[in-house]
Asker: 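Questions regarding the structure given below will be posed in turn.
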Amino acid sequence: MNNLDKTLIHISHLHPLNLVRSPEPRPICHACSLPCADQSYGCTDCWYFLHVTCATARCSMKHPSHPAHTLKFELTAPYSEGTFMCNACGLAGTSFCLRCRDCSYDLHLHCAAVPHKVIHPSHNHPVFLVYKNPYPSNIPTDQVYCDLCKTYLNVHKWFYLCTSCDFGGHVGCFSPKPLEVLSSGLQAPQYTQPNGAMSQSANEMNALLQMQRQRMQAELQLNSSMMFANTMRNAGQDIGSLWDNSYYERRWI
């Protein structure tokens, strides 16, 4: 990070990224595949952009959904087919992810940032994020419904629940939308680092760079920057429309 000219050297791209006002139509963040916010880090020559939050994400973190192990930051999908399946929302991802390499546990960046606790005007108590099916085996899971939208609730995905009232529902119905989360920063407690952790983060980043160098070089050779620029300019509007708020709500159903 160069604070003088607001540039960032990021291991995902060959050129320095400048802090810019995002152009219109909003480019797609290469890290999370969501449209960029008002400001982003970008290389306009290559049409490569990252949310400020995605660009400065920690290279490792502890997440309450997977307390046994630390999740590591991955630049590309770590599987041969080029995609990963998010353990939070159950949908595939092709960009940056947080992963437990021991358990093949993967999260989208924006799913990992979903707040653990939400106060919603529809209920007197806060609802808390549930990572696993909390109901006993004698309760049919196909008969659980969201108390806000009154549609089927897949309890094998993350959802919100007030356990004392058995009131809850989809993450997309209760939580801030992903662009709001990314615009305000990944402020969930699991992203905080203790004082003095900078040297450890630097060491982890160096190790991460060495492990992923060959993968990144192969990807860059196959997908030149200018080809990516032309593709995103032509398809940006269509891709962006997939990530509106209604789609975010449906993804958790």
Asker: With sequence neighbours excluded, what pairs up with Glu24 under the salt bridge (Lys or Arg N to Asp or Glu O under 4.0 Å) test?
Answerer: Arg26
Asker: Below 30° counts as parallel, above 60° as perpendicular, anything between as tilted: where do the rings of Trp158 and His63 land?
Answerer: parallel
Asker: Looking at Pro16 and Cys43, what are the two nearest heavy atoms and their distance?
Answerer: O-CB, 4.3 Å
Asker: So how far is it from Cys111 SG to Leu91 CG, rounded to the nearest 0.5 Å?
Answerer: 8.0 Å
Asker: To the nearest 0.5 Å, tell me how far Tyr48 OH sits from Ile28 CD1.
Answerer: 13.5 Å
Asker: Output all residues satisfying side-chain hydrogen bond (donor to acceptor under 3.5 Å, both in side chains) with Ser122, sequence neighbours left out; order by chain, then residue number.
Answerer: His120
Asker: Once you round to the nearest 0.5 Å, how far does NE2 of His125 lie from OG of Ser164?
Answerer: 5.0 Å
Asker: Could you check Leu98 against Glu74 for side chain to side chain contact (heavy atoms under 4.5 Å, CB included), going step by step and ending with a plain yes or no?
Answerer: CA-CA 6 Å; Leu98 290 160; Glu74 297 276 358; over 6 Å; no
Asker: Which residues satisfy the ring pair (Phe, Tyr, Trp, His ring centres under 6.0 Å) test with Phe128, sequence neighbours excluded?
Answerer: His116
Asker: Sub-3.5 Å donor-acceptor pair from the side chain of Asn87 to the main-chain atoms of Asp106, do we have one?
Answerer: yes
Asker: Between Phe49 and Tyr41, is the ring centroid distance below 6.0 Å?
Answerer: no
Asker: If hydrophobic residues (ILVMFWY) are linked whenever their side-chain heavy atoms come closer than 4.5 Å, directly or via other members, who joins Phe84 in its cluster?
Answerer: Tyr79
Asker: Considering residues at least two apart in sequence or located in another chain, which fulfil the side-chain hydrogen bond (donor to acceptor under 3.5 Å, both in side chains) criterion with Ser22?
Answerer: Ser40
Asker: Do the ring planes of His15 and His13 sit parallel (below 30°), tilted (30 to 60°) or perpendicular (above 60°)?
Answerer: perpendicular
Asker: Starting from Ile139, can I reach Leu161 by hopping between I/L/V/M/F/W/Y residues whose side chains sit under 4.5 Å apart?
Answerer: yes
Asker: Side-chain contact, heavy-atom cut-off 4.5 Å: Leu129 with Lys117?
Answerer: no
Asker: What pairs with Asp166 under side-chain hydrogen bond (donor to acceptor under 3.5 Å, both in side chains), at least two apart in sequence or on another chain?
Answerer: Tyr135
Asker: Would you call the rings of Phe73 and His10 parallel, tilted or perpendicular, taking 30° and 60° as the class edges?
Answerer: perpendicular
Asker: Once you round to the nearest 0.5 Å, how far does CG of Leu71 lie from CG of Leu107?
Answerer: 6.0 Å
Asker: Would you say that Phe167 contacts Leu148 through its side chain, given a criterion of any heavy-atom pair below 4.5 Å between the two side chains?
Answerer: yes
Asker: The test is side-chain hydrogen bond (donor to acceptor under 3.5 Å, both in side chains); show your working for His51 and Thr53 and say whether it passes.
Answerer: CA-CA 5 Å; His51 286 109; Thr53 303; over 6 Å; no
Asker: Roughly how far apart are Thr7 OG1 and Leu17 CG, rounded to 0.5 Å?
Answerer: 9.0 Å
Asker: If you define the side chain from C-beta out and look only at heavy atoms, does anything of His108 sit under 4.5 Å from Cys97?
Answerer: no
Asker: Can you classify the ring geometry of Tyr145 versus Tyr152 as parallel (below 30°), tilted (30 to 60°) or perpendicular (above 60°)?
Answerer: perpendicular
Asker: Are Ser95 and Leu109 packed together at the side-chain level, in the sense that at least one heavy-atom pair is separated by less than 4.5 angstrom?
Answerer: no
Asker: Under 4.5 Å between any side-chain heavy atoms of His30 and Phe96, yes or no?
Answerer: yes
Asker: Looking only at heavy atoms, which two atoms of Val130 and Lys132 are closest? And how far apart?
Answerer: CG1-O, 2.9 Å
Asker: Could you give me the CA-CA distance, side-chain angles and deciding distance for His123 and Cys162, then say whether side chain to side chain contact (heavy atoms under 4.5 Å, CB included) is met?
Answerer: CA-CA 9 Å; His123 194 61; Cys162 170; 3.5 Å; yes
Asker: Is the shortest heavy-atom distance from the side chain of Tyr160 to the side chain of Val114 under 4.5 Å?
Answerer: yes
Asker: Rounded to the nearest 0.5 Å, how far apart are CG of Leu8 and CG of Asn18?
Answerer: 9.5 Å
Asker: Where is the tightest heavy-atom contact between Phe174 and Gly169, given as atom of each residue plus distance?
Answerer: CE1-N, 3.3 Å
Asker: Side-chain contact test, heavy atoms from C-beta onward, threshold under 4.5 Å: evaluate it for Thr151 versus His170 and give yes or no.
Answerer: yes
Asker: Checking Lys62 side chain against Pro67 main chain: does a donor-acceptor pair fall under 3.5 Å?
Answerer: yes
